[in-house]
Amino acid sequence: MKKIWMVTMVFFLIFYSLPCYAQTVDSKEYGISFVLSDSWTKEVYEDSMVFYHSQTDQESVTISFVENDDLYLNQLGEDMMKYICDQIYSDQTLSSSLSEQNQTDVVVKSDSVLSGYEAHNGNNFYRYEKAYTAYAPGYLTTSFYDTVYMIVKNGKMYMIQYSRNDQANHFSDVIAMLDSLSFENGKIKIVINNETIESDSDPIMMENRTLVPIRVVAEKLGYRVEWDEKNQIVTLTASKGSSVLHFVIGEKKALKNWTEEIALDVPALVIKDRTYLPLRMVAEAMDAKVSWNEAEKTVEISSGI
């Protein structure tokens with residue numbers, strides 16, 4: 001009897017001392033990296049990557065993104081964000097989706113909604129969570145939970161959705177994933193004359209164009225930056241020579257040396273109190289050469305300064 005007890009104790013000690021294995025996901029396409037318990041199996045679809053838990057078919061984590069045409073999403077208040085999510089996760093929308101999946105009429109009734117902001121690994125996410133109950137003839141009544149985290153990074157709007165029923169709950173795995181989530185893979189870097197430029201605001205992509213907070217770039221290229229708040233005009237003046245560039249916020253054109261008009265694919269913008277200009281057009285107007293390294297997500301600029 002004593003021997004059996006000792007064997008049992010050894011088994012439990014070995015079992016509980018086993019490491020908790022995790023998988024590292026490192027995606028250049030998505031511009032993210034993170035760590036997730038290896039209890040989740042990844043499947044890649046055309047517009048998303050989805051992780052399914054090995055212990056249940058009613059629990060998933062879906063990660064997707066869209067190129068962010070609405071650069072002001074981060075400036076929307078919580079009320080507007082909640083309104084948007086209320087439409088996406090309305091009872092009617094969820095009912096239609098479940099009815100289609102199960103080939104029968106499913107009625108959905110909302111139980112509760114949570115809305116707010118959460119910080120994970122230095123990133124501020126908008127969190128929306130809906131608990132709801134689904135009813136269908138011939139089926140058990142089931143409670144479901146959808147939690148979505150939204151964030152705009154590097155010109156993309158990311159959505160991370162955790163879905164489960166009331167029989168499964170590995171939410172701690174999702175929190176651990178968010179706490180490890182990094183967007184460095186998608187961060188656009190700027191190199192001028194072989195020197196990486198650091199800025200307090202990241203470059204962004206808009207309509208397949210790279211926009212940068214212009215001050216740090218212009219000053220590195222030897223230009224003085226002036227801001228006319230009243231008329232919403234940015235003026236770049238060369239410290240050597242007589243080159244002067246004028247940009248009006250919101251307009252798709254600029255002036256060089258007062259007379260030469262330069263067409264812009266993307267207008268000058270003010271985002272979070274920083275003036276953003278389309279980098280290639282501006283750099284070329286400064287007689288600099290610009291190239292894009294897709295593999296490294298790097299804009300490389302060379303000039304004669």
Side-chain angles (χ1 to χ4, degrees), residues 21-70 73 81 84-104 106 108 120-121 123 125-132 134 142 144-165 167-188 204-208 294-295 297:
Y21 293 104
Q23 58 184 309
T24 299
V25 178
D26 195 342
S27 172
K28 290 288 186 182
E29 178 187 357
Y30 277 68
I32 58 175
S33 62
F34 57 87
V35 175
L36 181 65
S37 163
D38 64 0
S39 297
W40 299 80
T41 302
K42 182 174 74 171
E43 294 189 14
V44 179
Y45 300 95
E46 183 177 349
D47 58 352
S48 61
M49 67 170 78
V50 183
F51 296 83
Y52 298 97
H53 201 275
S54 59
Q55 296 177 4
T56 173
D57 60 357
Q58 295 294 328
E59 193 173 15
S60 65
V61 177
T62 302
I63 302 174
S64 60
F65 71 84
V66 294
E67 297 294 341
N68 181 36
D69 291 329
D70 183 2
L73 179 65
M81 293 295 292
I84 293 171
C85 288
D86 281 341
Q87 308 313 303
I88 297 174
Y89 295 93
S90 69
D91 290 355
Q92 182 178 0
T93 301
L94 293 171
S95 175
S96 297
S97 177
L98 288 172
S99 296
E100 183 177 350
Q101 291 174 27
N102 294 281
Q103 297 297 302
T104 188
V106 178
V108 167
H120 295 277
N121 199 26
N123 301 302
F125 295 85
Y126 171 73
R127 174 185 173 178
Y128 180 91
E129 180 174 283
K130 179 165 181 169
Y132 57 95
T142 307
F144 291 94
Y145 304 85
D146 281 341
T147 305
V148 62
Y149 290 88
M150 300 172 65
I151 192 170
V152 173
K153 281 286 187 179
N154 304 323
K156 295 180 175 66
M157 183 183 75
Y158 290 89
M159 295 184 67
I160 301 169
Q161 178 176 313
Y162 171 56
S163 300
R164 69 179 181 89
N165 64 10
Q167 301 300 309
N169 188 352
H170 292 90
F171 191 53
S172 59
D173 287 354
V174 180
I175 294 300
M177 181 197 78
L178 291 170
D179 287 339
S180 71
L181 184 61
S182 170
F183 295 91
E184 286 298 311
N185 276 343
K187 186 176 180 179
I188 301 169
I204 59 173
M205 295 294 290
M206 182 178 182
E207 297 179 15
N208 293 320
E294 173 64 29
K297 300 292 183 185

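The structure presented is a predicted model; accordingly, all values stated were derived computationally and were not measured. Any value given below was found using the heavy atoms of this structure, including those in side chains, with hydrogens, waters and symmetry copies removed.
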Backbone N or O of S39 within a donor-acceptor pair of the S54 side chain at under 3.5 Å? yes
Quick check: do I188 and N154 have side-chain heavy atoms less than 4.5 Å from each other? no
F183 and Y158: CA distance, side-chain angles, deciding distance, ring-ring contact (aromatic ring centres under 6.0 Å, His included) verdict: CA-CA 10 Å; F183 295 91; Y158 290 89; 5.1 Å; yes
I'd like to know if the side chain of N165 and the backbone of Q167 have a donor-acceptor N/O pair within less than 3.5 Å. yes
Walk me through it: do Q101 and S97 pass the test side chain to side chain donor-acceptor pair (under 3.5 Å)? CA-CA 6 Å; Q101 291 174 27; S97 177; 3.1 Å; yes
Could you check if a side-chain atom of L181 sits within less than 4.5 angstrom of a side-chain atom of I160, using non-hydrogen atoms only? yes
Are more than 12 heavy atoms from other residues, nucleotides or ligands located less than 6.0 Å from atom CD of E100? no
Before giving the answer on side chain to side chain contact (heavy atoms under 4.5 Å, CB included), spell out for Q87 and T93 the whole-Å C-alpha distance, their side-chain angles and the decisive distance to 0.1 Å. CA-CA 8 Å; Q87 308 313 303; T93 301; over 6 Å; no
Is there side-chain contact between I32 and N185, with at least one heavy-atom pair below 4.5 Å? no
Flag side-chain contact, heavy atom, 4.5 Å: M49 against F51: yes
With sequence neighbours excluded, residues passing salt bridge (Lys or Arg N to Asp or Glu O under 4.0 Å) with R127: E118, E129
Step by step, work out the side chain to side chain contact (heavy atoms under 4.5 Å, CB included) result for Y132 and D146. CA-CA 9 Å; Y132 57 95; D146 281 341; 3.3 Å; yes
Set of salt bridge (Lys or Arg N to Asp or Glu O under 4.0 Å) partners for D86, sequence neighbours left out: K82
Taking the side chain as every heavy atom from C-beta outward, state whether N169 and Y145 have any atom pair closer than 4.5 Å. no
Under a 3.5 Å distance rule, please check whether S180 uses its side chain to pair with a backbone N or O of F34 as donor and acceptor. no
Short side-chain to backbone donor-acceptor contact, Y162 and H170, under 3.5 Å: yes
What are the two closest non-hydrogen atoms of Y30 and S64, and how far apart are they? CE2-CA, 4.2 Å
Residues V174, T147; criterion side chain to side chain contact (heavy atoms under 4.5 Å, CB included); working and verdict: CA-CA 10 Å; V174 180; T147 305; over 6 Å; no
Ignoring hydrogens and geometry, is there a side-chain-to-backbone donor-acceptor pair from S95 to V106 under 3.5 Å? yes
Test your reading of the model: is there a side-chain donor-acceptor pair from S48 to the backbone of V50, 3.5 Å cut-off? no
Cation-pi check, K156 to F65: give yes when NZ or CZ is under 6.0 Å from the six-membered ring centre and within 45° of the ring axis, no otherwise. yes
Working to the nearest 0.5 Å, report the span between OH of Y126 and CE of M159. 10.5 Å
If we only count heavy atoms from C-beta on, is the L94 to K130 side-chain gap below 4.5 Å? yes
Supply the atom-to-atom distance D38 CG to T24 OG1, rounded to the nearest 0.5 angstrom. 10.5 Å
Would you say H53 and D173 make side-chain contact, with heavy atoms under 4.5 Å? yes
Do any N or O atoms from the side chain of Q23 and from the backbone of W40 form a donor-acceptor pair under 3.5 angstrom? yes
In sequence, state the C-alpha distance, the side-chain angles, and the governing distance for M150 and M81, and then conclude on side chain to side chain contact (heavy atoms under 4.5 Å, CB included). CA-CA 10 Å; M150 300 172 65; M81 293 295 292; 4.0 Å; yes
